[in-house]
*Asks:* 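Sharing a structure with you now.
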Protein chains: 2
Amino acid sequence: MTKRTTPILNRNDPEKEPLVGNVKVTREDWLNLARDILVHEGVAELKIMSLSDRLGVSRSSFYWYFRNRVDLLAALLTEWEARNTRTIVNYCALPAEDINAAVCNFFRCFIDPALFDRGLDFAVREWARRDVSLRSRMDAADSERLRSVTDMFERYGYPADEADVRARILYFMQLGYHALEVREPMELRMGRLAGFLKGFTGQVPRPELITEFNAFAHTVGNEP
Amino acid sequence: MTKRTTPILNRNDPEKEPLVGNVKVTREDWLNLARDILVHEGVAELKIMSLSDRLGVSRSSFYWYFRNRVDLLAALLTEWEARNTRTIVNYCALPAEDINAAVCNFFRCFIDPALFDRGLDFAVREWARRDVSLRSRMDAADSERLRSVTDMFERYGYPADEADVRARILYFMQLGYHALEVREPMELRMGRLAGFLKGFTGQVPRPELITEFNAFAHTVGNEP
DNA sequence: CAAGCACTAGACAATAGTGTCCATTGGTGC
DNA sequence: GCACCAATGGACACTATTGTCTAGTGCTTG
């Protein structure tokens, strides 16, 4: 009943005493912690005991909110579909003045963790590829994403086959970047952006586009 | 002592009776089966009990060949480093008449499963990214690969920064392609190759290059 | 203030997996 | 044909994890 008012123990807070006062744990608390573990430690580490320990409650409380472990995973998958996939689709549909700006929009959606959780994206991918039933949901999300990138290119005059090739390069590249969990200074990545756009679209990007993107990226500070 | 002469039960052979006669199981048998499970079912499913069951021997035999489960995983990782990484490096170093041909060489190395096991590549990646000690070995392999692709571009006259960008696009793209486990008819992929090369290098590939690659790909039939 | 309800603790049973120990087998070399 | 030794089987102890059941506890609402 009592809603959480304080953050519970996260991965940076190994000390005990996770709850303050009489506040109870909510379904959201379970989900948040589960997502965190999924992202940083993988599905294999997503254990009910571990969750309840970190939450400071008994293990059996879990079963009040979720039917079982699979139920929890399904919830995380649904969340992923709704947030991560929709973010890409939305950002690809955004109006832009030229293809370079549009490509920047595509990159833009990976920058803000509040919009797109790249850790979650890959964690879900790793886990769902093994399960046949989940696998198809994931594949559906992927083709929806790819479709929206292709549409983006077509809107800027690329013929269907070229748009298809470009979209694939861009999308697969982004995925590969995720797979590697590349961690490098923002300057380095930004330095490459202009070169990438020039080589990729054949058109030299307006300098303002780069500075704008640069500024935006630094305000949130994550990708691409 | 007695060497295996017949294939043991693989994933397509669910029936019992895996061994014929008195033949004993070798260390290679354990490794082969383990690799198969790692690739198709993930690390989580790589259990000693499961292996021994499928091999038709007792679980404790495992401990004759490997100190423990981690020892087995380490062996698989070493194998991955030696085979998969070396393949990429070798194929990137291959002489080619132009950059299009060189890029085709890069693709070529992913085609033959005997040379490069893309399933293994990604399975290892999925698993090793969680473990700090393994993670660094994997990162080392990745930069070695990326370095060899960059060198390839530099050999064809690209200035260092451009070579860097191109190499990243190419390598990340290939990784992303793996991540998706794209399964589509060879014709489709081949149809895209010319378009990709033209868009990517800016030079129209010689038609013979495409037909050659096409022919090579169909003889082994897998990627890219 | 009392009853109801949302939520939780703790005990319980069941399962699956790991690693160790020791006795045993069956080929090989002498 | 005997002794050795690589290789295996089977029993044992241990731990981790899941899921169920029941008896609470303490807000909240009438």
Side-chain angles (χ1 to χ4, degrees), chain A residues 1-6 8-9 16-34 36-38 41-76 127 130-131 134, chain B residues 1-6 8-9 16-34 36-38 41-76 127 130-131 134:
Chain A
M1 301 308 265
T2 317
K3 283 293 173 186
R4 304 229 77 258
T5 50
T6 53
I8 18 151
L9 150 104
K16 222 45 187 173
E17 204 79 45
L19 295 176
V20 295
N22 268 337
V23 250
K24 294 187 177 180
V25 172
T26 68
R27 183 184 159 100
E28 280 309 301
D29 290 333
W30 287 100
L31 276 173
N32 288 337
L33 183 56
D36 187 68
I37 293 183
L38 177 64
E41 300 169 41
V43 222
E45 286 307 307
L46 196 43
K47 300 163 195 172
I48 300 170
M49 282 191 84
S50 162
L51 290 176
S52 60
D53 280 355
R54 304 206 208 185
L55 244 31
V57 297
S58 161
R59 203 169 53 79
S60 51
S61 309
F62 172 87
Y63 295 94
W64 208 89
Y65 299 101
F66 304 93
R67 289 181 50 233
N68 49 33
R69 188 172 175 275
V70 174
D71 191 31
L72 170 66
L73 290 178
L76 289 172
W127 134 54
R130 301 297 174 197
D131 186 312
L134 303 183
Chain B
M1 306 306 265
T2 316
K3 284 291 174 187
R4 304 228 78 259
T5 49
T6 52
I8 18 151
L9 149 103
K16 221 48 184 170
E17 203 79 46
L19 295 177
V20 294
N22 268 338
V23 248
K24 293 188 177 180
V25 172
T26 67
R27 182 183 160 101
E28 280 310 301
D29 290 333
W30 287 100
L31 276 173
N32 288 336
L33 183 56
D36 186 70
I37 293 184
L38 176 63
E41 300 168 41
V43 223
E45 286 306 307
L46 196 45
K47 301 162 196 172
I48 300 170
M49 282 191 82
S50 163
L51 290 176
S52 60
D53 279 354
R54 303 205 209 184
L55 244 30
V57 296
S58 162
R59 200 169 54 79
S60 52
S61 309
F62 172 87
Y63 295 93
W64 173 242
Y65 298 101
F66 305 93
R67 288 182 50 234
N68 49 32
R69 188 172 174 275
V70 174
D71 191 30
L72 170 66
L73 290 178
L76 289 172
W127 136 56
R130 301 298 172 196
D131 187 312
L134 302 183

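Below, read A as the first sequence line, B as the second, and so on, with proteins coming before strands; counting in each chain starts at 1.
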*Asks:* Between A/D29 (side chain only) and A/T26 (backbone N and O only), is there a donor and an acceptor less than 3.5 Å apart?
*Replies:*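 Indeed, once roles are kept as given, a pair shorter than 3.5 Å links the two residues.
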
*Asks:* Expressed in angstrom and rounded to an integer, what is the separation of B/N68 atom CG from C/dG17 atom P?
*Replies:*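 The answer, rounded to whole Å, is 17 Å.
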
*Asks:* If you check every side-chain atom of B/M49, which of D/dG19, C/dG17, D/dG10 has the closest atom?
*Replies:*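 Closest nucleotide among those given: C/dG17.
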
*Asks:* Please give, in whole Å, the distance from D/dT18 C1' to A/L73 CG?
*Replies:*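 In whole Å, D/dT18 C1' and A/L73 CG are 13 Å from each other.
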
*Asks:* Whole angstroms only, please: what is the CZ-C1' distance between A/R69 and C/dT15?
*Replies:*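 Computing the A/R69:CZ to C/dT15:C1' distance gives 15 Å.
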
*Asks:* Record whether the side chain of B/R59 comes under 3.5 Å of the base of C/dG19 through a donor-acceptor pair of N or O atoms.
*Replies:*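 Answer is yes: a donor-acceptor pair is held.
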
*Asks:* For a quick check of understanding: with a heavy-atom distance under 4.0 Å over all strands, which category does A/Y65 fall into, base, sugar-phosphate or nothing?
*Replies:*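 Contact class for A/Y65: sugar-phosphate only.
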
*Asks:* Taking the basic N atoms (NZ, or NE/NH1/NH2) and the acidic carboxylate oxygens, is any pair closer than 4.0 Å for A/R54 and A/E41?
*Replies:*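 A/E41 and A/R54: salt-bridged.
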
*Asks:* Nearest-Å distance, CG (A/D71) to C1' (D/dG19)?
*Replies:*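 Spelled out: CG on A/D71 to C1' on D/dG19 is 13 Å.
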
*Asks:* With side chain to side chain contact (heavy atoms under 4.5 Å, CB included) as the test, would you mind laying out the steps for A/L46 and A/L73 before giving the verdict?
*Replies:* CA-CA 9 Å; A/L46 196 43; A/L73 290 178; 3.7 Å; yes

*Asks:* For a side-chain contact (heavy atoms from CB on, under 4.5 Å) with A/F62, tell me which candidate from A/L72, A/L55, A/V25 qualifies.
*Replies:*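 Only one option passes, and that is A/L72.
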
*Asks:* Nearest whole Å is fine: how far is C/dT8 P from A/F66 CZ?
*Replies:*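 After rounding, the reported distance stands at 12 Å.
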
*Asks:* Measure the distance from CG on B/D29 to P on D/dA7 and round it to the nearest whole Å.
*Replies:*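 Going from CG in B/D29 over to P in D/dA7 covers 12 Å.
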
*Asks:* Taking the nucleotide of DNA chain D with the nearest heavy atom to each, does A/K47 or A/R67 sit closer to the 5' end?
*Replies:*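 Looking at the nearest nucleotide for each, A/K47 comes out on the 5' side.
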
*Asks:* In whole angstroms, how far is the C1' atom of D/dT18 from the CG atom of A/L72?
*Replies:*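 Computing the A/L72:CG to D/dT18:C1' distance gives 13 Å.
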
*Asks:* For side chain to side chain contact (heavy atoms under 4.5 Å, CB included), just list the numbers for A/L31 and A/Y65, CA-CA rounded to whole Å, side-chain angles, deciding distance to a tenth of an Å, and then say yes or no.
*Replies:* CA-CA 10 Å; A/L31 276 173; A/Y65 299 101; over 6 Å; no

*Asks:* Think B/S60 has a side-chain N or O under 4.0 angstrom from the OP1 or OP2 of D/dG10?
*Replies:*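 It does not, given that no N or O in the side chain of B/S60 lies less than 4.0 Å from OP1 or OP2 of D/dG10.
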
*Asks:* Expressed in angstrom and rounded to an integer, what is the separation of B/I48 atom CD1 from D/dG9 atom P?
*Replies:*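 Rounded to whole Å, this separation is 15 Å.
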
*Asks:* Looking at B/W64, does any N or O in its side chain come under 4.0 Å of the phosphate oxygens OP1/OP2 on D/dT8?
*Replies:*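 For D/dT8, OP1/OP2 do not have a side-chain N/O of B/W64 under 4.0 Å.
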
*Asks:* For the side chain of B/V57, starting at C-beta, report the closest nucleotide among C/dT8, D/dG9, D/dT17.
*Replies:*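 It is D/dG9.
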
*Asks:* If you check the B/Y63 side chain, which of D/dT8, C/dG19, D/dT17 turns out closest?
*Replies:*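 Comparing D/dT8, C/dG19, D/dT17 against the side chain of B/Y63, the answer is C/dG19.
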
